[in-house]
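Below you'll find the structure, written out as structure tokens, and then a few comments.
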2 protein chains.
Amino acid sequence: MKRYHCAVELAVDVIGGKWKPVILSHLKEGVHRYGELRRRMPGVSEKMLTQHLRELEADGLVRRDSLQGRVPHVEYRLTEDGERLRPALQALYDWGVQRAAGTGITFEPSPIH
Amino acid sequence: MKRYHCAVELAVDVIGGKWKPVILSHLKEGVHRYGELRRRMPGVSEKMLTQHLRELEADGLVRRDSLQGRVPHVEYRLTEDGERLRPALQALYDWGVQRAAGTGITFEPSPIH
DNA sequence: CTGTATCCCCGAGGATACTG
DNA sequence: CAGTATCCTCGGGGATACAG
């Protein structure tokens with residue numbers, strides 16, 4: 001089993017990666033379908049989005065529900081363990097907003113939440 | 001200027017990287033010298049530690065103070081903007097602790113804070 | 001709509017040795 | 001003590017095409 005020297009090290013190992021925190025922070029706003037996530041994250045390739053979702057699922061942070069129907073319909077949501085990340089995600093988000101304000105950075109549409 | 005679609009994206013761009021959150025979370029516990037950081041993070045190479053410290057400094061999250069004396073003495077501490085990350089770092093740390101407990105992961109000495 | 005399957009590149013990160 | 005300097009590997013991540 002992998003061992004760490006610090007809890008933050010462990011956290012980074014699980015939610016590190018360019019897009020994982022972004023995915024999680026979207027999911028913390030509610031259930032999302034695959035296509036919704038794609039639209040909210042124009043910068044990520046399909047490959048990476050899928051791959052990160054799979055890893056988050058494997059790590060128990062995200063649940064994937066495939067609903068039966070005429071047309072493919074998949075929903076992603078946070079698991080309980082994922083929900084526990086909410087404070088961290090929110091804090092990260094808040095810091096990003098402050099930082100953006102302080103440096104004159106603006107966000108492109110689509111406005112997020 | 002670089003543009004983002006989400007504040008979390010911005011945050012990750014600044015504090016992303018395998019060791020940056022770990023460095024910051026150590027510094028949030030107080031001023032550290034270079035060697036102290038190294039000892040607290042046995043997993044990181046000197047190159048990466050220095051490089052990440054330089055980037056954090058350039059991004060205004062960390063201040064570096066080189067004290068004059070018989071022997072080299074350098075101190076690192078959080079800037080005001082770095083301090084604002086405290087809630088995020090703490091939340092990340094707390095989550096890591098919970099996660100470790102839930103999965104039976106333990107941390108190697110040196111015990112961290 | 002929700003993904004796979006490939007191919008490929010670049011740079012983050014590591015190992016090691018050396019220095020003022 | 002507090003770093004540089006080099007060299008090198010590896011896989012994260014991107015682009016594109018295709019599929020059920």
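Labels below follow one simple rule: chain letters A, B, ... track the order of the sequence lines, proteins then strands, and each chain is numbered from 1.
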Looking only at non-hydrogen atoms, find the nearest pair between A:R64 and A:Y76 and report the distance.
NE-OH, 3.4 Å
Could you tell me whether B:R38 contacts a base, only the sugar-phosphate backbone, or nothing, with contacts defined as non-hydrogen atoms closer than 4.0 Å?
nothing
B:E46 has an atom CD; how far is it from atom C1' of D:dA5, in whole Å?
12 Å
Round to a whole Å and report the spacing from NE2 of B:H32 to C1' of D:dC1.
16 Å
Assign each of A:G35 and B:S45 to its nearest nucleotide of DNA chain C by heavy atoms, then name whichever residue's nucleotide is nearer the 5' end.
A:G35
Quick check: closest heavy atoms across B:V8 and A:S25, and the distance to 0.1 Å?
CG2-OG, 3.6 Å
Rounded off to whole Å, could you give me the NZ-to-P distance for the B:K18 and D:dG12 pair?
10 Å
Taking only Lys NZ, Arg NE, NH1 and NH2, and the carboxylate oxygens of Asp or Glu, determine whether B:R86 and B:E83 approach each other closer than 4.0 Å.
yes
Please give, in whole Å, the distance from C:dG3 P to A:I23 CD1?
12 Å
I need the NE2-C1' distance between A:H73 and C:dG3, as an integer number of Å.
15 Å
The correct set of residues in residues 47-55 of chain A placing a heavy atom under 4.0 Å from DNA chain D is A:K47, A:M48, A:H52
Which pair of non-hydrogen atoms, one from B:L78 and one from B:K28, has the smallest distance, and what is that distance?
CD1-CA, 3.6 Å
Under 4.0 Å, heavy atom to any atom of DNA chain D: which of residues 60-72 of chain A qualify?
A:P72
Under 4.0 Å: is that the gap between some side-chain N or O of B:Y76 and OP1 or OP2 of D:dG3?
yes
Measure across A:K20 and A:I15 and return the closest heavy-atom pair with its distance rounded to 0.1 Å.
CB-O, 3.6 Å
Separation of D:dG3 C1' from B:E57 CD (nearest whole Å):
13 Å
Test: A:R84 and A:E80 ion pair at under 4.0 Å
yes
Is A:R33 near enough to C:dC1 that one of its side-chain N or O atoms lies under 4.0 angstrom from OP1 or OP2?
no
The reported gap from CZ in A:R99 to CG in B:D81 (rounded to nearest 0.5 angstrom) is 5.0 Å
Let me know the distance between CD of A:E36 and C1' of C:dT2, rounded to the nearest Å.
13 Å
Quick one about A:Q98 and A:D94 (side-chain donor to acceptor, distance below 3.5 Å, no hydrogens or angles considered), yes or no?
no
If I take atom CZ from residue B:R54 and atom CD from residue B:E57, how far apart are they, to the nearest 0.5 angstrom?
6.0 Å
